[in-house]
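For reference, the structure discussed in these notes is given below.
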Amino acid sequence: MLSQIVSALGVVAFAVFACSAYFYFSNKLLDLALPVKDGDIRAASRNLNRRAVIRPWLFLGPALLLLFVYLVYPVVATFVLSFYDRTGLQFVGLANYKWAIGDREFRQSIFNNILWLAVVPAACTFFGLVIAVMTDRIWWGNIAKSIVFMPMAISFVGASVIWKFIYEYRGGNDVQIGLLNAIVQLFGGTPEVWISVPFWNNFFLMVILIWIQTGFAMVILSAALRGIPEETIEAAVIDGANGWQIFWRIMVPQVWGTIAVVWTTITILVLKVFDIVLTMTNGQWQTMVLANLMFDWMFRGGGDSGRSAVIAIIIMLAVTPIMIWNVRRANRELKGH
């Protein structure tokens with residue numbers, strides 16, 4: 001343990017030193033390459049202008065290089081790979097895309113992803129907003145917020161293990177240790193293997209992500225609600241508005257931009273959901289989503305790089321419009337200010 005901590009600190013120290021050395025020596029080299037001499041005013045002015053143009057790129061250069069290596073190149077390589085066979089050696093054109101359109105499992109994954117997109121972002125945003133409003137009105141609100149936010153500190157796999165115990169089923173005459181089945185049995189119902197019930201098991205898996213992400217939505221929306229002028233609320237109260245009207249007609253419109261950001265952020269997360277499905281069902285019982293199907297085809301039958309690349313491209317295409325919308329909205333807000 002100690003050696004791991006020392007190694008981590010060493011890596012951090014080396015990275016800081018390397019970055020500092022890069023910026024220091026690159027600036028020195030730039031100054032030497034484009035000197036400013038007192039005798040020639042025209043040359044000095046020209047070199048100063050060149051320095052001003054080049055210097056930002058010296059700072060941005062490493063980040064742009066890493067961005068290209070770890071983001072741009074993989075996207076381009078994945079797109080090219082989607083036109084090749086399982087080995088990535090023989091060009092097959094649109095064959096992999098035709099397979100995807102006709103594959104029942106792929107269509108099931110698309111349906112499940114749409115189901116997740118329809119439920120999870122809306123539920124997380126709604127519960128986060130309601131909890132943010134309610135906890136701001138009680139003295140122990142910060143304690144409640146801390147409890148709601150706690151699942152954010154748990155990994156998706158850890159959260160899935162916790163909920164696996166809640167959905168646990170014991171056959172025969174064994175005592176039901178799963179909380180849900182214990183409650184069902186308490187009211188005279190019959191215990192079920194909940195995560196194996198087609199269609200409905202998707203909702204049982206969604207609950208896990210909602211449980212984790214509601215805390216994130218609550219924190220962001222709570223900060224936005226604090227920014228609403230008190231005068232607006234007081235004026236609404238004086239005009240006779242009740243709590244429901246204040247919430248829908250005063251609070252929600254004023255934090256709508258933040259609601260949209262939270263919604264789209266969770267939407268992007270949902271498109272990448274992988275760990276929960278893998279841990280709970282491994283895609284069985286009609287719970288497969290695109291990320292899990294891509295992972296499956298990376299290793300199924302020795303792996304199929306062409307088909308897994310097609311699924312990866314579909315996921316990226318689904319995420320792209322949301323990211324573009326977020327960027328354009330952020331630019332409009334910056335111009336507005």
Side-chain angles (χ1 to χ4, degrees), residues 1-37 44-79 142 145-146 148-159 209 212-213 215-224 226-227 258 261-262 264-276 291 295 298 312 315-316 319-320 322-324 326-331 333-335 337:
M1 185 65 167
L2 180 61
S3 62
Q4 293 175 335
I5 294 174
V6 172
S7 299
L9 292 175
V11 170
V12 172
F14 174 77
V16 172
F17 173 77
C19 290
S20 302
Y22 167 77
F23 291 125
Y24 176 79
F25 286 111
S26 62
N27 275 288
K28 283 292 184 183
L29 288 173
L30 181 62
D31 293 341
L32 290 173
L34 298 172
V36 178
K37 297 179 181 179
S45 177
R46 184 173 61 251
N47 286 343
L48 282 173
N49 289 333
R50 289 176 178 175
R51 285 185 187 182
V53 173
I54 296 173
R55 202 178 303 277
W57 291 104
L58 289 177
F59 285 87
L60 289 172
L64 291 175
L65 178 62
L66 291 174
L67 187 67
F68 176 81
V69 171
Y70 291 103
L71 184 62
V72 177
Y73 171 73
V75 170
V76 174
T78 301
F79 179 71
N142 288 333
K145 286 180 182 178
S146 300
V148 174
F149 189 75
M150 281 177 62
M152 281 288 295
I154 306 173
S155 68
F156 284 6
V157 173
L209 189 54
I212 296 172
Q213 289 299 312
F216 163 77
M218 175 201 66
V219 169
I220 304 299
L221 293 170
S222 180
R226 298 280 177 103
T258 307
V261 170
V262 170
T264 53
T265 302
I266 297 176
T267 297
I268 293 172
L269 179 67
V270 168
L271 285 168
K272 301 185 297 180
V273 67
F274 167 78
D275 314 63
I276 293 172
F295 178 79
M298 287 173 65
I315 296 173
M316 286 187 280
V319 171
T320 301
I322 303 168
M323 295 179 64
I324 293 173
N326 266 339
V327 171
R328 292 183 64 181
R329 183 183 168 281
N331 287 335
E333 287 189 354
L334 287 173
K335 291 176 181 177
H337 286 82

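As the structure is a prediction and not an experimental result, all values here were calculated from the model.
- Atom CZ of F14 is separated from atom CG of L9 by 15.0 Å, given to the nearest 0.5 angstrom.
- The distance from the CZ atom of R55 to the CG atom of L58 is 7.5 Å, given to the nearest 0.5 Å.
- Checked against ring pair (Phe, Tyr, Trp, His ring centres under 6.0 Å), F59 has the following partners two or more places apart in sequence or in another chain: F23.
- Here the straight-line distance linking atom CG of N49 with atom CD1 of I54 works out to 11.0 Å at 0.5 Å rounding.
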Does the side-chain contact (heavy atoms from CB on, under 4.5 Å) test come out yes or no for L269 and L209, once each step is laid out?
CA-CA 10 Å; L269 179 67; L209 189 54; 4.1 Å; yes

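- In terms of the ring pair (Phe, Tyr, Trp, His ring centres under 6.0 Å) criterion, residue partners of F295 (sequence neighbours excluded) are, by chain and number, F274, F299.
- Considering every non-hydrogen atom in both I154 and A159, the closest pair reads CG2-N, 3.4 Å.
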May I have the step-by-step check of side-chain contact (heavy atoms from CB on, under 4.5 Å) for V261 and I220, ending in yes or no?
CA-CA 9 Å; V261 170; I220 304 299; 5.8 Å; no

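- Under the side chain to side chain contact (heavy atoms under 4.5 Å, CB included) criterion, V75 pairs with M316, not counting sequence neighbours.
- Between atom CG of residue L60 and atom CG of residue L67 there is a gap of 10.5 Å, rounded to the nearest 0.5 Å.
- Applying side chain to side chain contact (heavy atoms under 4.5 Å, CB included) to K272 and the options I268, V270, D275 leaves one that passes, I268.
- Residues passing the ring pair (Phe, Tyr, Trp, His ring centres under 6.0 Å) test with F79 are F83, sequence neighbours excluded.
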Between S20 and V16, does the side-chain contact (heavy atoms from CB on, under 4.5 Å) criterion hold? Intermediate values first, please.
CA-CA 6 Å; S20 302; V16 172; 4.3 Å; yes

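- In terms of heavy-atom proximity, V262 sits nearest to A217 at CG1-CB, 3.6 Å.
- When all heavy atoms of T78 and A312 are compared, the closest pair comes out as CG2-CB, 3.9 Å.
- Take M152 and apply the side chain to side chain contact (heavy atoms under 4.5 Å, CB included) test, not counting sequence neighbours, and it matches F149, I212, Q213, F216.
- Remark: R51 engages D31 in a salt bridge (charged side-chain N to carboxylate O under 4.0 Å, His left out) (not counting sequence neighbours).
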